Amino acid sequence: MVPVPQEPARGQAGRDMRQVYLFGIFVARRIVALVITVMIGVYLTIVVANMGGQVDELRLIQIRADVTEEVRADPGVSPAERQALIERRVALEVDRLNLDQPFIWRSFDYLRRAMLLDLGRAEQMHSDLGSRQVSRIIVERLPATLLLFGTANVLVFFTSILTALSLSRRYGSPVDRAVVALAPTSAAPGWFYGIFLILIFAFVIPIAPPGGMVAVPPPDDALSYALSVLRHMVLPVIAIFISSIFVSIYSWRTFFLIHSSEDYVEMARAKGLPERMIERRYILRPTLPPIITSFLLMLIGLWSGAIILEQVFNWPGLGTLLFQAIGHRDTPVIIGGVVIFAYLLALTVFLLDFLYALLDPRVRIDPEGSGR
Amino acid sequence: MRRYPSAVAGLAVILFLVGMALYTVVTIPYGQVLQDWRAGEHWRMHPANARPVWTDRLFGGNAPPTLTISSDTADAEAARFEGGRQVRIPMAFDFAYDDFPSELTLFLGVRGTERPAFVEITWHRPDGSDVRLGAHRIAGEDRVSISQDRALEGRLGRVPHIGLFAVDPGAPGRPEVLRGTYRLTLDAVLFDEAAELHADLVAFGRVHGIAGTDHLRRDLMLALLWGTPVALAFGILAAVGTTVTTLVIAAAGVWFGGLIDAAIQRLTEVTMILPILPVLVMVGTLYSTSIWLMLGVVIALGIFSASIKMYRAMLLPIRNAPYIEAARAYGASNARIVMRYMIPRILPVLIPAFVTLIPTYVFLEASLAVLGLGDPVLPTWGKILNDAQMQGALYNGFYYWVVAPAALLMLTGLGFALFGFALDRIFNPRLRTA
């Protein structure tokens, strides 16, 4: 456990030092734990991806077919010689890819490479710049996903928190009732609304582009490029917004309602403090850790939802990439995508722990207790 | 109950869906739906891409349904000759619709002989003019696709199923339908005394049934109906599988504590970073897209889901409650304490969450299908959406193809969500009075 120095009266500076020390230890422990977690997760992915050696089988067939195709073009070789040549080449290739070793050894090799983000070469696909490296292909798509989902989530988060705060004061008003009534609409995911938004605003009343990220051909100067991206972002962002805003407001409103009836809030009211100050210091501040938690959990949920929304809107992000990889049956890209998603989720979890520790001092002293 | 109209509405929707699912499973057996949905020949008498009848009539349309004229009802004239028969079959039908048929096909069958028959086809229009549709040698079961007769299209200046029904096929602009009684005459020579000629003239319509048809002529109603039990089964089984196991594991972890609890916590963290949809995509691509395998993976990933953390927080204070102490004092076993004392205590809080979880999984199944990883054999709502997207349904104006499955998905989602949210208010009184 963390050593807790005994210090009855070492002054403010000493206490701060101790806080920083504890915080550092906490963060280090979390990083180690998360790296181990990611390792287990990625290893599981590799095992599932290669269960029963099916993938190896496919690769062997692929190698044999490729080699046969290459050798067939050689003129002046007798069939026997050609067969020997094929066998030799296949053996070489099998050796190169370590396919002759037991899976258990290779799996650790895969794990090492996956952890270092060396995701291998794609079978069919390539990046827009022509690279066959899976990591290159993924890195190229990542900004698009981050841009779209970052924008939409930040928008949903702040809108819902602010609306919920004001609604919790106006409990039972028509707007409040409307939000409660509309909350069940969030049962449908973003892509579902996306289909209808495209139908209405791209085909029936053509005011927005039906898909893509930028106009074709892309504008030359930076400003009109940004404007074009913005125009293409409108519909997908609205789709995400509609699908999560009402339930978000609903749950925050409930949350704030419960917290605004706490005794210390009543006390502050009784003291005659202004409503704004009560909201900020007495409602928002103590409820900050759960707010952050839920925001990041929402992010985790949305990473997965991204795939289909992007595909529906033809948004060139990770989701579309994964979808295309399914179409090409490009295994390295699919596994690479899963690994990247695992990393993003782990990063989100880490951020969660970090912010939590920053906001809630109890977590730092006793990392195992009181739930994280 | 009357205080919660949304609960009643939600329950009504759920009951309606369950009723529809039961009706479907009873009337259309599982084996039959698999066979029908795959088989192309089963749907040969259906039009392709026909919209529902009721949407057409609702907007004041009068588009033709599929007309099938059989030779059985026609007055055939026959004349014998040495070694065979000569038959003339007039097939007449009335056509008084505002739109042209979508296709015109003649199904012919010669029975009772191996030798091919010789059939000459003539088209008589209501205005008295005749169009010769050529002669064909027919052996066994055969079909003459009049719509795909390129030579005829060249002569008429339009595709045959429009040209044959237009007032003036040669005129430029939008053709007009010529209403009245049409007649198709078959002049056949059969080279056997016992031979029979059977014919079905099908003028494929522009509208079909309640739900319309897709590009492979399949009646969408079948898929919409069968999508209901599939969606409900997937949603409910997945929700039960994930919540029940998760709850038991969380309770066991809290009760036993120590190493077991720590192991559960670490496993939860591992599952938290495994992205469900990409993993499902991977499994679907590498193994099989069977809906039951997907269900298994969803449940497997859901067992150690993030909600264990939430249940744990709820169960921790209960662990030291006096009534548990009492149970221990009278000698209750560990299993009994976990199953009978700890879990029932937090069930009321979980039931609403459980109900709202169901549509999430219904939409997950649809999501997989939209990605092209739907079940290979079963028709589901998501697979209809996927087909529609692949065929550019919205772009081509086949709105019904997208709207019907989407509306059913939305109905399911809304039904369970309404019911769940209302249950939340009933079980958690703080939400009512706050």
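Predicted model only: the values in this text are computed from it and were never measured. Each chain gets a letter, A, B and so on, in the order its sequence line appears, and its residues count up from 1.
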With a 4.5 angstrom heavy-atom cut-off, is it the side chain or the backbone of [X] that approaches chain B, or both, or neither?
X        : answer
A:Val38  : both
A:Leu347 : neither
A:Phe196 : side chain
A:Phe350 : neither

Which heavy atom of [X] sits nearest a heavy atom of [Y], and at what distance?
X        : Y        : result
A:Leu318 : A:Thr145 : N-OG1, 2.7 Å
A:Ser186 : A:Ile242 : OG-O, 4.4 Å
A:Leu235 : A:Phe313 : CB-CE2, 3.5 Å
A:Gly190 : A:Leu309 : C-CD1, 3.3 Å
B:Ala406 : A:Phe192 : O-CZ, 3.1 Å

Heavy-atom count check: over 12 atoms from other residues, nucleotides or ligands less than 6.0 Å from [X] [atom1]?
X        : atom1 : value
B:Arg319 : CZ    : yes
A:Ile205 : CD1   : yes
B:Phe256 : CZ    : yes

> Taking only heavy atoms into account, what residues of residues 364-373 of chain B are found under 4.5 Å from chain A?
Replying inline: B:Ala366, B:Ser367, B:Val370, B:Leu371, B:Leu373

>> So for B:Val362, is it side chain, backbone, both, or neither that comes closer than 4.5 Å to the heavy atoms of chain A?
In response: neither

> With only heavy atoms counted, which part of B:Phe416 is less than 4.5 Å from chain A, the side chain, the backbone, both or neither?
Replying inline: neither

> Which word best sums up how the rings of B:Trp401 and B:Phe398 line up, parallel for under 30°, tilted for 30 to 60°, or perpendicular for over 60°?
Replying inline: tilted

Option that, when pairs with chain B are counted at under 4.5 Å, heavy atom only, ranks first among [options]:
options                      : result
A:Gly41, A:Ala188, A:Ala33   : A:Ala188
A:Ala183, A:Ala202, A:Gly337 : A:Ala183
A:Ala346, A:Pro189, A:Ala325 : A:Pro189

> Which residue pairs satisfy the salt bridge (Lys or Arg N to Asp or Glu O under 4.0 Å) criterion with at least one member in residues 251-262 of chain B, sequence neighbours excluded?
Replying inline: B:Asp261-B:Arg312

